[in-house]
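Note on naming: letters A, B, ... go to the chains in the order of the sequence lines (proteins, then strands), and numbering restarts at 1 for each one.
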Amino acid sequence: MERELVVTGIGGQGIQLLAKTLALAATREGRYAMLSADYGGEMRGGPSKASVVIGDGPLRALPVLASAWSAIVAHHRFSEPVLARLRPGGPVIVNRPLVDPASLPHMTVYDVDAAAVAAAADAPHAIGFVLLGAYNAVTRLVAPESLVSAMEEVLPPYRKQYAEANARALAAGADAVRPQLERAGEVVA
Amino acid sequence: MERELVVTGIGGQGIQLLAKTLALAATREGRYAMLSADYGGEMRGGPSKASVVIGDGPLRALPVLASAWSAIVAHHRFSEPVLARLRPGGPVIVNRPLVDPASLPHMTVYDVDAAAVAAAADAPHAIGFVLLGAYNAVTRLVAPESLVSAMEEVLPPYRKQYAEANARALAAGADAVRPQLERAGEVVA
Amino acid sequence: MTLELLEGSEAIAASAIAAGCRFFAGYPMSPFTGLLESMSRLLPAAGGVCLNAASEIEGVNMALGAAAAGARAATGSCGQGIALMQETIAEAALNETPLVVFNMARNQQDYFQATRGGGWGDYRTITLAPKNIPEAVEHAQLAFHLADKHRAPVIFYGDPLLAQTRVGVEIRPLDFGPLPPKDWALDGTRSGTGKSRQIWTWAMGKATQPGPGPDRHWKAIAAKFDAIAEVEARHEQRYVEDAETLVVAFGTAATFVEYVVEELRADGHRIGWFRPVTLWPFPGAALAQATAGTRRVLVFELNAGQMLDDVLIHAADRSAVHFIGGVSIAESGLAFGELMDAPVIRDRILAALGRETRS
Amino acid sequence: MTLELLEGSEAIAASAIAAGCRFFAGYPMSPFTGLLESMSRLLPAAGGVCLNAASEIEGVNMALGAAAAGARAATGSCGQGIALMQETIAEAALNETPLVVFNMARNQQDYFQATRGGGWGDYRTITLAPKNIPEAVEHAQLAFHLADKHRAPVIFYGDPLLAQTRVGVEIRPLDFGPLPPKDWALDGTRSGTGKSRQIWTWAMGKATQPGPGPDRHWKAIAAKFDAIAEVEARHEQRYVEDAETLVVAFGTAATFVEYVVEELRADGHRIGWFRPVTLWPFPGAALAQATAGTRRVLVFELNAGQMLDDVLIHAADRSAVHFIGGVSIAESGLAFGELMDAPVIRDRILAALGRETRS
Amino acid sequence: MTVIDTSQPPAGPARRVAEARPSLLLGEHSLCPGCGEPIALRLLLEVLQELDVVQRSIGVVGHGCYGSFVRIMDVDVLQCLHGRAPACATGIKRVRPDCVVFTLQGDGDMANEGLHEVLHAAARGEKITCIMLNNGVFGDTGGQLTATTVLGQRTKTSLAGRDAREHGYPIPVAELVAGLRGAAYVARGAVSTPGAVVQTKRMLTRAFETQLAGAGFSLVEILTMCPTGWFVPAREGPGYLGDSMERVYPLGELTT
Amino acid sequence: MTVIDTSQPPAGPARRVAEARPSLLLGEHSLCPGCGEPIALRLLLEVLQELDVVQRSIGVVGHGCYGSFVRIMDVDVLQCLHGRAPACATGIKRVRPDCVVFTLQGDGDMANEGLHEVLHAAARGEKITCIMLNNGVFGDTGGQLTATTVLGQRTKTSLAGRDAREHGYPIPVAELVAGLRGAAYVARGAVSTPGAVVQTKRMLTRAFETQLAGAGFSLVEILTMCPTGWFVPAREGPGYLGDSMERVYPLGELTT
Amino acid sequence: MSKRDSSGRRQTRGTVVIDKDRCKGCELCVAACPPRVLVMSTEVNAMGYRYPQLLAGCTGCTACQLVCPDFVFSVYRFTPAPGRAAA
Amino acid sequence: MSKRDSSGRRQTRGTVVIDKDRCKGCELCVAACPPRVLVMSTEVNAMGYRYPQLLAGCTGCTACQLVCPDFVFSVYRFTPAPGRAAA
Ligand SMILES: Cc1ncc(C[n+]2csc(CCOP(=O)(O)OP(=O)(O)O)c2C)c(N)n1
Ligand SMILES: Cc1ncc(C[n+]2csc(CCOP(=O)(O)OP(=O)(O)O)c2C)c(N)n1
Ligand code: SF4
Ligand code: SF4
Ligand code: SF4
Ligand code: SF4
Ligand code: SF4
Ligand code: SF4
Ligand SMILES: [Mg+2]
Ligand SMILES: [Mg+2]
């Protein structure tokens with residue numbers, strides 16, 4: 001089975017690192033992953049999007065996704081074309097208050113105030129990892145430990161000191177979404 | 001009517017100048033001319049050949065002649081492929097003793113000892129012009145005066161001092177062939 | 001099998017090195033830059049050399065030199081940079097140097113550039129156009145094999161999606177069979193022996209051992225390319241048996257077409273696809289056969305219609321051929337435009353199915 | 001009419017100047033050198049500039065600059081030198097600079113180079129292939145006209161026979177009709193007015209007046225070349241009405257073919273000839289019509305079969321097409337080989353007439 | 001400490017001594033924070049204006065981050081191929097000798113791809129003004145080694161720092177050009193400090209004056225910050241420039 | 001005056017002090033009478049022999065009259081594209097560091113088409129030896145102006161003589177290269193007099209020694225006569241060289 | 001006329017207009033300002049960057065304008081008798 | 001041992017072998033020969049060129065060999081006591 005995730009946000013939110021972490025975690029688990037990035041040179045405030053596909057065998061998905069199962073919406077600004085491709089019903093993590101959960105009526109939406117959660121976890125810059133933690137708690141695409149070690153692996157050498165904060169952010173994101181998950185009875189994955 | 005001339009010799013004999021003189025003379029007379037040269041950079045002793053076509057209207061002849069009416073053979077060394085294209089019966093001026101008149105049984109051959117004639121005319125370097133003078137006396141393709149003025153025109157500035165000697169060579173060449181012409185009753189042109 | 005999550009460029013670089021590439025020289029240009037950076041990182045560790053060429057012309061000539069000395073050597077670029085290399089690519093074809101050129105193209109607009117030379121003289125370049133990164137990893141090795149096998153330049157025709165997408169891949173050396181020894185390579189050992197070697201497009205030989213000279217040599221080169229055309233054409237096809245409509249596409253575009261064709265078949269359309277794996281030699285005979293029974297041959301490529309020429313030359317019925325591609329570029333000019341998208345391709349195919357075949 | 005006995009190169013240079021060419025930059029290469037020397041001698045007297053470029057790349061870019069500034073400007077070379085210009089020729093096509101390139105080729109092996117770009121992107125180059133010096137004199141002027149008319153590069157495809165043969169010709173300015181004003185040319189007068197001009201392949205425009213950008217611009221360029229293809233294809237043909245066999249050839253080779261066809265008709269053969277005058281746009285529709293009633297289409301070109309592609313694409317019946325040309329080079333590598341000769345061509349045609357048409 | 005309102009010009013009597021934007025600027029650039037190239041652009045546009053040659057100016061712009069200036073400079077511009085600007089400028093100047101013709105290039109454009117063109121234009125003494133923005137990297141493609149990268153500098157294609165044995169030595173373009181007789185004015189400036197900016201503007205003025213006088217070829221090499229390609233924070237750009245580049249590329253005029 | 005029989009070696013006791021032909025020569029060349037290039041070829045072949053590096057020597061030869069030497073030198077040779085020899089030589093040397101790699105180029109090849117390649121190879125300090133035969137013209141194409149043609153010289157594309165305003169100034173290649181740090185040995189010789197020939201041979205020896213020592217790039221520019229391209233009688237070649245070229249291109253070593 | 005006010009500060013002899021929404025926060029101006037009267041904001045502008053704010057003591061020297069890559073500063077010098085700006 | 005013979009000429013201390021059919025008649029050797037003992041022939045060789053001939057007085061200095069572009073000269077120095085060559 002193949003699962004597609006699209007991530008949309010703006011430069012500076014850590015979109016690319018988030019997506020890369022997930023793809024690497026799946027790869028390290030011995031699965032097939034594909035990661036497509038599309039960003040205007042990561043200009044601060046500019047569009048940043050990525051997509052990740054994970055499967056158990058060689059992937060059928062195209063590098064420009066025809067449609068996607070799930071999404072992480074970190075910022076609403078450039079999200080429209082990306083969200084138009086979501087298949088109804090799939091899980092979406094939205095970054096409250098920047099994104100209005102009601103804007104995705106056909107999806108199973110989970111909302112996380114990533115900035116607040118990150119700040120509370122003493123990892124104020126790790127907004128992307130909060131969202132990823134939440135996403136993985138919902139979808140269970142990879143083991144939480146895989147995420148942590150993949151995150152450590154993708155960090156460039158000069159950012160290694162953030163590893164612990166990022167790990168806290170991943171866990172905090174998962175925790176933050178858990179109440180909604182329980183309410184929904186774990187419909188997904 | 002189109003008349004083709006092929007000239008064959010070796011570098012240093014003045015083949016190119018001869019051919020250019022004839023072509024220019026015809027042009028100055030208001031006729032159509034074509035001059036094709038093919039020489040290995042005029043290396044002394046290397047092959048030197050040229051062809052001239054003269055006609056009263058736009059020319060049909062190809063720049064690589066399919067066949068030719070007439071020839072000037074200044075040296076036998078590289079002449080074979082050139083002569084193989086002569087149409088039987090046409091006039092050929094051969095440079096005795098370097099070329100054996102008997103080697104062209106199907107042609108109307110005129111022989112001139114160009115070196116001797118040139119020396120006698122006090123124009124020892126003008127072997128080519130001797131042959132051209134003879135050729136034109138036989139074929140009457142252009143007026144003798146046209147040849148002289150074309151010769152003057154084609155001389156590069158630093159060789160202008162040879163103009164008079166060359167003119168003598170042209171005339172001497174014509175004189176040298178006249179007895180044979182009279183014998184043959186002016187069959188050609 | 002352990003998969004590594006690698007960016008396409010990195011995977012291609014690693015694969016080339018696994019194939020024994022030991023010399024690379026290149027000049028940055030998006031989206032080729034990633035391959036250059038990967039080579040510059042990975043090659044030294046493998047005992048090879050990666051040079052920052054001062055221009056594409058310098059880079060391709062460095063690679064030609066290294067290849068002439070017997071190394072597996074490559075360069076790369078895209079678009080304008082490849083244009084600058086045309087003289088040298090032609091030279092490599094004519095002087096028989098096994099040079100590999102990674103064209104990490106910005107789009108599909110350089111099909112003619114790859115397949116019709118554009119350098120000078122009568123030569124062709126074997127051109128591999130992988131459809132996805134796993135195949136790109138294979139082609140990165142096959143390119144060196146074919147170059148050595150035929151002593152001829154080989155072009156790898158990539159694109160931004162192949163360069164920049166990351167996927168899980170495995171890199172290991174592939175075996176394509178034995179190769180002739182490189183006894184022609186310059187190494188200096190024969191200098192002074194009376195049998196010194198020479199690599200020369202004019203093939204004049206040495207005074208003591210005259211060569212064929214340009215007329216005979218270039219005829220022989222033309223004959224060699226004819227012979228390569230006989231044996232190296234590769235293609236892939238599906239649903240040809242019952243297809244009323246056949247869609248022809250190359251490279252990544254073919255992957256998209258394949259995806260859409262699967263959808264359309266699920267919808268009941270009698271449709272198939274045909275992909276030239278080698279752009280040159282173009283698999284003409286295979287296409288002729290594949291199109292023998294089809295009503296429509298649709299050509300999809302992201303350009304103004306270049307492979308179209310080859311399809312028109314080979315399709316069983318020329319009047320059945322319709323072009324459904326077009327120029328499509330991202331705003332940056334550096335990547336594909338919106339035509340490289342399954343829904344758009346689907347619409348174009350459906351529109352063509354709706355139209356009746358004109359003759 | 002007074003004829004001057006001029007070497008082809010000289011005649012072409014004089015004619016280009018008569019057409020208003022006022023800038024030339026080139027780099028020596030046989031047999032192009034004569035044109036460069038003639039330009040360097042004749043242009044200053046006409047108030048123009050001829051520069052000794054330090055390389056072909058420099059030369060073509062100098063010419064592009066001069067053309068962008070509104071002058072009738074040209075460069076030239078052959079073979080390898082033209083290969084080096086490919087990036088810039090493509091640029092001129094894509095940024096719409098009317099650049100003229102005199103390719104005084106060594107042979108006919110650069111048909112693909114001229115007609116399939118080889119630069120980068122979707123562009124074509126109008127290519128004129130004169131059959132003899134009088135036509136070359138005409139084309140030297142037509143080239144500038146077409147370049148200005150379409151704001152596109154034009155290639156003049158010459159050869160050693162056109163360059164080096166001397167014939168009596170008359171040079172006078174020819175009138176090909178009116179042209180649009182060059183209001184796009186850079187002259188500085190609009191700088192600082194808010195409406196400054198821009199010549200840019202990416203066509204991004206100015207912040208105050210955004211341009212179409214590459215996607216729309218390159219689509220428009222492709223459409224422009226489609227439109228040129230509709231109107232500028234030129235050809236010449238003879239005896240098509242009753243010909244069983246049609247021989248297709250271009251440039252000087254066509255003159256030889258014409259000569260041989262005349263001989264063969266005199267011998268009673270039902271044979272004709274067809275000559276693309278423009279190699280691009282290839283006169284495909286005309287060829288389709290001309291070959292509609294023929295049994296055999298023989299393609300004669302001094303290369304390994306390049307125009308052959310275009311004939312195969314357009315001939316009424318592909319299976320009637322036979323190649324009777326081939327690579328043929330002088331020992332020096334600088335001129336035609338023995339195939340450029342009427343008796344040899346005659347033999348090849350007769351041999352083809354002897355064979356029955358294979359299907 | 002009170003922050004002064006700087007949203008409006010001062011209410012009291014004051015004279016504007018520096019304008020934010022040159023009048024030939026048509027819009028915003030999108031270069032990185034701390035990039036030195038826009039500063040050079042401002043100087044260029046100011047000098048054209050001050051010399052009163054705007055309406056006969058033609059620019060030829062190469063490929064690099066500065067390439068996007070084509071959109072925002074109100075000057076007739078040919079955006080040319082990578083490295084070829086001096087050749088194109090030559091063609092323009094020769095057919096429009098009354099125009100003021102300049103090129104805008106980077107180190108990648110001029111010292112790598114286009115070294116041939118600039119040296120030959122200089123040797124010919126073309127009456128054009130070439131401007132090289134030298135930041136020691138290919139900025140636009142993400143920070144790879146160029147011919148002017150200084151020894152020890154880390155780039156994406158010299159990860160362990162430029163090593164002379166592996167990558168060779170940096171090329172001092174201004175010095176090379178100054179060694180050619182056709183070069184009438186050659187100078188090297190920088191935009192890393194206010195003083196250097198003022199000096200660089202003077203160099204540009206002299207270079208264009210050289211062209212106007214018909215004296216020959218002129219070149220101004222300008223050291224510019226590329227924090228992105230140098231992998232340093234924007235505010236450290238000027239310091240890095242001074243510590244590394246200026247030692248190899250001394251500022252000043254090279255012709256007399 | 002009696003003419004001595006010189007068809008045979010002397011009958012009496014004598015020692016051969018100079019051989020006509022270097023042992024690495026395979027046949028005849030077809031260059032013009034009085035051409036200087038074959039003299040340079042002889043020196044090159046002798047030096048390779050004397051340094052005992054023949055069986056690890058690889059040459060890269062450009063396009064010019066010397067191009068035909070490929071047929072007669074018993075050395076592994078890549079005949080490369082016009083101007084690109086230093087790039088090809090770089091590729092060869094980098095994959096065969098134990099080989100002795102040299103280029104043989106002309107002024108047209110190196111100073112015109114290939115200025116970029118030689119300067120970058122020099123800046124990189126490539127351990128190769130480049131030889132430029134400078135005759136100030138494109139000899140092979142019939143004598144047109146090159147970047148090294150001296151002022152006043154008449155060529156087929158400067159019929160009235162090279163004029164600085166029109167054609168610019170000649171480029172001193174050896175000086176340019178010597179200005180690059182990667183250049184370890186740079187010298188200019190000539191083949192116009194016996195003394196110059198001896199000196200030039202010493203320069204070639206030093207250049208190759210520099211390569212063998214791994215010290216960096218080496219260049220020997222050799223002024224050669226081209227009577228054909230200069231439009232002077234063969235015997236006037238050396239005099240013309242001394243009067244015109246040597247004044248602009250002084251002989252000697254440029255590195256220390 | 002002394003150039004320093006009572007607190008030892010340079011007198012405010014000029015001022016600047018800061019087009020703050022164009023600022024990209026590079027801080028080149030801060031380092032370049034001789035009297036060091038520019039400090040970065042804690043807020044961010046429309047593009048998300050911190051931007052410079054002016055304290056008292058500007059001399060109107062134009063250094064900030066000279067080095068700013070984003071054309072943020074216009075600089076004014078007070079004409080008759082400056083020195084009354086807020087301290 | 002005097003270096004000049006009775007006629008004031010340099011002694012003949014060496015000689016050369018002239019491979020005359022390779023000569024292209026450029027006369028570089030003639031100008032280069034310090035004692036000026038090379039003179040051009042009046043006959044031409046197989047290629048049609050005049051070629052150098054040796055008079056008495058060769059010193060075996062090798063100058064001719066050094067400058068000859070056509071590799072015509074081998075040079076010998078007499079070993080024990082030269083000077084008996086034809087004068
Ligand atoms: C022929 C060619 N090769 C490569 C490129 C890719 N390219 C675009 S910009 C650039 C870098 C330019 O560097 P530089 O001139 O130093 O400018 P910077 O971006 O550093 O300001 C390169 C290599 C190109 N456009 N054309
Ligand atoms: C790309 C390219 N342009 C032009 C030529 C033509 N060409 C061949 S030899 C030559 C002249 C070489 O001059 P130089 O290097 O000075 O050698 P010389 O003949 O003077 O010894 C030229 C321009 C070529 N072969 N390739
Ligand atoms: S990459 Fe460097 S040169 Fe380019 S805009 Fe950014 S800082 Fe400026
Ligand atoms: S043209 Fe000049 S360089 Fe060439 S062989 Fe003749 S003399 Fe020598
Ligand atoms: S004008 Fe001078 S003193 Fe005032 S803020 Fe700017 S740099 Fe500081
Ligand atoms: S220099 Fe300009 S862009 Fe940078 S912080 Fe100061 S005002 Fe902002
Ligand atoms: S060896 Fe010396 S002296 Fe003897 S002929 Fe030669 S140049 Fe003259
Ligand atoms: S130098 Fe050599 S080629 Fe010239 S004349 Fe003397 S022997 Fe003959
Ligand atoms: Mg740069
Ligand atoms: Mg030369």
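- Per-residue counts of heavy-atom pairs under 4.5 Å with chain F were compared for C:Leu51, C:Val60, C:Asn52; the largest is that of C:Leu51.
- Contact annotation for C:Ala63: neither backbone nor side-chain heavy atoms come within less than 4.5 Å of a heavy atom of chain F.
- In terms of heavy-atom pairs under 4.5 angstrom with chain F, the leader among C:Gly70, C:Pro210, C:Ala68, C:Ser55 is C:Ser55.
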Assess the residue pair F:Gln79 and C:Gln198 against the criterion (side-chain contact (heavy atoms from CB on, under 4.5 Å)); give the C-alpha distance rounded to whole Å, side-chain angles, the decisive distance to 0.1 Å, and a yes or no. CA-CA 8 Å; F:Gln79 215 281 352; C:Gln198 176 188 88; 6.0 Å; no
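- Proximity to chain C is absent for every atom of F:Ala85, based on heavy atoms less than 4.5 angstrom apart.
- Heavy atoms of F:Leu24 lying under 4.5 Å from chain C belong exclusively to its side chain.
- At a 4.5 Å heavy-atom cutoff, the contact between C:Glu87 and chain F is made by backbone and side-chain atoms alike.
- C:Ser191 places no side-chain N or O within 3.5 Å of a backbone atom of F:Arg56 that could act as its donor or acceptor partner.
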Full working for side-chain contact (heavy atoms from CB on, under 4.5 Å) between F:Leu78 and C:Asn95: CA-CA 9 Å; F:Leu78 170 63; C:Asn95 76 11; 4.1 Å; yes
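- Judged by distance alone, with hydrogens and angles left aside, the side-chain atoms of F:Asp76 form a donor-acceptor pair with the main-chain N or O of C:Arg197 at under 3.5 Å.
- For the set C:Glu58, C:Gln209, C:Lys195, C:Met204, the count of heavy-atom pairs under 4.5 angstrom toward chain F peaks at C:Glu58.
- A donor-acceptor contact shorter than 3.5 Å is absent between the side chain of F:Ser57 and the backbone of C:Gly188.
- In terms of modelled atom types and a separation under 3.5 Å, the side chain of C:Ser196 and the main chain of F:Val75 share a donor-acceptor contact.
- Annotation: F:Asp52, atom CG; neighbour count of heavy atoms from other residues, nucleotides and ligands within 6.0 Å does not exceed 12.
- Listed for the C:Lys206 side chain is no donor-acceptor partner under 3.5 Å among the backbone atoms of F:Asp74.
- Proximity to chain C among residues 94-111 of chain F is limited to F:Arg94, F:Val95, F:Arg96, F:Cys99, judged by heavy-atom separations below 4.5 angstrom.
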Residues F:Val77, C:Trp200; criterion side-chain contact (heavy atoms from CB on, under 4.5 Å); working and verdict: CA-CA 8 Å; F:Val77 170; C:Trp200 191 0; over 6 Å; no
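- How far NE2 of F:His120 is from CE of C:Met62: 9.5 Å, rounded to the nearest 0.5 Å.
- In this structure, no portion of C:Thr97 lies under 4.5 Å from any heavy atom of chain F.
- In plain terms, the two heavy atoms of F:Cys88 and C:Leu64 that are nearest each other are SG-CD2, 4.4 Å.
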Should F:Leu81 and C:Thr201 be marked as a side-chain contact (heavy atoms from CB on, under 4.5 Å) after you check the CA-CA gap, both sets of side-chain angles, and the distance that decides it? CA-CA 9 Å; F:Leu81 287 168; C:Thr201 290; over 6 Å; no
